[in-house]
Amino acid sequence: MKNVGVLVSGRGSNMIALFEAMRSGDATGRPVLVLSNEPDAPALARAASYGVATRVIPHRDFRGQGREAYDRALAAALDEAGVEIVCLAGFMRVLSAWFTDRYAGRLINIHPGLLPSFPGLHAQRQALEHGVRVAGCTVHFVDAAVDHGPIIAQAAVPVLPDDTEESLSARILEQEHRLYPYALALLCAGRVRVDGRRVLVETERAGLPLALAVPAP
Ligand code: GRF
């Protein structure tokens, strides 16, 4: 059973999807800490209602001290809680190389785009503006570059002619809530191995529940 920490800044719907997977046993982890840089993040109350410990470390308190000083405070809180796997779930801060190196191989993120296309903010808007026919989401290991690390899993959705940013985001979000628990389950079960840019996933022997073993239609 792995101790899982979740970093959030906002509403926390992916965080809840991860909690549910751990609660059902689909992912062999337990959520031990939710950390937010935003004191008003709705995710905090939602985490508390699941009985998960929460902490706020406002980035504004570290103004002028550099990115790493903030990240060291994050790591100290994660260590104190005994966190082994860190999931970014709408955490709206760029992490320093110090942090990403420290958690290499056990730090993952979900991005609402099919990387390496459309990294950064507003991936769904970028997809619409670019006129792509297929969009989706990606779970990847986090390295020092934004939305860049080795890809663990992806799910695709169609882009429809009358899509708005809202409608496309909602369609992608539905898949995010399936994909992120699947990726966490793999990581908790020790079924992923990084080989350069590629992630080798062992699913055959994973013994994962069928619903999780097939990430997307
Ligand atoms: C999601 O779209 C996720 O892919 C992106 O930020 C959003 C967070 O939403 N990284 P939520 O807080 O999980 O509801």
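In each ligand, atom 1 is the first atom listed, and ligand 1 is the first ligand listed. For reference, positions follow the sequence shown, starting with 1. Side-chain atoms are counted along with the backbone in the values below, which use heavy atoms only and exclude waters and symmetry mates.
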**Student:** Select all protein residues for which some heavy-atom-to-ligand 1 distance is less than 4.0 Å, and list them by chain and number.
**Tutor:** Arg11, Gly12, Ser13, Asn14, Gly90, Ile110, His111, Pro112, Glu176
**Student:** Taking only residues two or more places apart in sequence or in another chain, which ones pass side-chain hydrogen bond (donor to acceptor under 3.5 Å, both in side chains) with Glu165?
**Tutor:** Arg125
**Student:** Name the orientation class of the two ring planes belonging to Tyr50 and Phe19 (parallel below 30°, tilted from 30 to 60°, perpendicular beyond 60°).
**Tutor:**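 Aromatic pair Tyr50/Phe19 classed tilted.
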**Student:** Salt-bridge test for Arg102 and Asp79: reply yes if a basic N is under 4.0 Å from a carboxylate O, no otherwise.
**Tutor:** yes
**Student:** Enumerate, atom names and distances included, each donor-acceptor pair closer than 3.5 Å involving a side-chain atom of residues 87-96, sequence neighbours excluded.
**Tutor:**
unit_1: Ser96; atom_1: OG; unit_2: Asp71; atom_2: OD2; d: 2.6
unit_1: Ser96; atom_1: OG; unit_2: Phe99; atom_2: N; d: 3.3

**Student:** Could you pull out every donor-acceptor pair under 3.5 Å between side chains of residues 39-49 and any protein atom, sequence neighbours left out?
**Tutor:**
unit_1: Arg46; atom_1: NH1; unit_2: Arg11; atom_2: O; d: 3.0
unit_1: Ser49; atom_1: OG; unit_2: Arg46; atom_2: O; d: 2.7

**Student:** State, to 0.1 Å, how close Val86 and Leu7 come at their nearest heavy-atom pair, and which atoms those are.
**Tutor:**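 Closest approach of Val86 to Leu7, heavy atoms only: CG1-CD1, 3.8 Å.
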